[in-house]
Amino acid sequence: MQLREITGHDAPAVQEFFTDLTDEARTFFWDDVTDPAVARRWISDPRRHATCALDGDRIAAFAALVPLTNWSSHVAELVLVVASWARRQGHGRALAQAMLIGALHGGFTKVTVQVAADQPGALAMFQAIGFEGEALLRDHLRTPETGQMRDLIILSHHVEETYSTMLAAGLHTAFGS
C-alpha cells in the first residue's frame, strides 16, 4: 500500500474510483462526485487536502480534509471512503492516520468525521485511532431506494492533544513528524 497526495494528473483515476463506488459509499461527499466537474473540484480545490491509498496502481481509498470557515476555521471535516474490494485491509486506517498528521501540519486543531451509526467497523476504526463520539443525529440519513431512516454519528479528534501525548511518549517519529 502506498499513500500519496492526489494531483490534477489523477483526475481520470479518481473519477473512475468515484464512479465505481456504491451510492452508500458516496453518502458523505454531499454532492454528486460521479459528475466529472464535481469530482475535479474535489481534487483541485486548493483548500482541500486530498490523499489516496493505492493498491498497486488502483486507488483503494480516498480521503480529503475539508476546512470549515469563520469561527470554525480551526476545524477540518474528514471525508474518507474505501472501495468495497479494498475494505478490511488497513487502507482506511492508514489513510485516516495520515490525514490526522496532515491536519496538524495544516494548522487544524480538531478533525470531525461523519459515520452512519449502523457501520460498526468504521466506528471502531475511527475510535481506535482516537476519535470520540460528539453527536448523534437521529434519522439524519434516508436511504434513497427504500426511504429507510438511519442515524448519523459525528466523531471528533483533537489532534493537538494527541500530538502532545505522542511527543511526551516519543512516538511522533513513528509517524514522520
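On a predicted model such as this, the values are computed, not experimentally measured, just so you know. For the single chain, residues carry numbers from 1 onward in sequence order. These numbers come from the heavy atoms of this one structure, side chains and all, not from hydrogens, waters or symmetry mates.
Looking at Thr143, its side chain never comes within 3.5 Å of a backbone N or O of Glu145 through a donor-acceptor pair. Side-chain atoms of Arg4 never come within 3.5 Å of backbone atoms of Thr51 as a donor-acceptor pair (strictly under, hydrogens ignored).
Under a hydrophobic-cluster definition in which Ile, Leu, Val, Met, Phe, Trp and Tyr are linked whenever side-chain heavy atoms come within less than 4.5 Å, directly or via other members, Leu136 and Phe126 are assigned to the same cluster.
Across Leu123 and Ala116, no two heavy atoms sit closer than the pair CD1-O, 4.3 Å. The minimum heavy-atom distance between Glu5 and His49, with the atom names listed, is OE1-CE1, 3.7 Å. Nearest heavy atoms, His91 versus Ala86: CD2-O, 3.2 Å. The minimum heavy-atom distance linking Val115 with Leu155 is given by the pair CG2-CD1, 4.2 Å. When all heavy atoms of Met1 and Gly90 are compared, the pair lying nearest together is CE-O, 3.8 Å. Minimum heavy-atom separation, Leu80 to Gly92: CD1-O, 3.6 Å.
Trp42 is listed as a side-chain neighbour of Val79, based on a closest heavy-atom distance under 4.5 Å.
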Identify each donor-acceptor pair in which a side-chain atom of residues 54-73 lies under 3.5 Å from a protein atom, sequence neighbours left out, and give them as a table.
unit_1	atom_1	unit_2	atom_2	d
Ser73	OG	Asn70	O	3.1

Donor-acceptor pairs are to be reported for all side-chain atoms of residues 15-26 against protein atoms at under 3.5 Å, with residues two or more places apart or in another chain.
unit_1	atom_1	unit_2	atom_2	d
Gln15	NE2	Thr19	OG1	3.1
Gln15	NE2	Thr34	O	2.9
Thr19	OG1	Gln15	O	2.8
Thr22	OG1	Ala25	N	3.1
Asp23	OD1	Arg26	NH2	2.4
Glu24	OE2	Arg150	NH1	3.4
Glu24	OE2	Arg150	NH2	3.0
Arg26	NH1	Phe18	O	3.0
Arg26	NH1	Leu21	O	2.5

Q) Checking side chain to side chain contact (heavy atoms under 4.5 Å, CB included) for the pair Val75/Phe108: CA distance, chi angles, key distance, verdict? A) CA-CA 6 Å; Val75 180; Phe108 299 104; 5.8 Å; no

* To do: Evaluate side chain to side chain contact (heavy atoms under 4.5 Å, CB included) for Ile154 paired with Val113, printing each intermediate quantity in order.
  => CA-CA 6 Å; Ile154 299 174; Val113 67; over 6 Å; no

Side chain to side chain contact (heavy atoms under 4.5 Å, CB included) between Val111 and His158, worked out:
CA-CA 7 Å; Val111 175; His158 293 273; over 6 Å; no

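For the atom pair SG (Cys52) and CG (Leu3), the distance works out to 8.0 Å, reported to the nearest 0.5 Å. The NE2 atom of His157 sits 12.5 Å away from the CD atom of Glu134 when rounded to the nearest 0.5 Å. Taking CG of Leu78 as the start and OG of Ser156 as the end, the distance is 12.0 Å to the nearest 0.5 Å.
In summary, of the residues considered (Leu137, Asp139, Leu141), a side-chain contact (heavy atoms from CB on, under 4.5 Å) with Asp151 occurs for Asp139 alone.
For Thr109, the side chain to side chain contact (heavy atoms under 4.5 Å, CB included) criterion is met by His74, Glu160, not counting sequence neighbours.
Using a 4.0 Å cut-off between charged nitrogen and carboxylate oxygen, Glu77 and Lys110 do not count as a salt-bridge pair.
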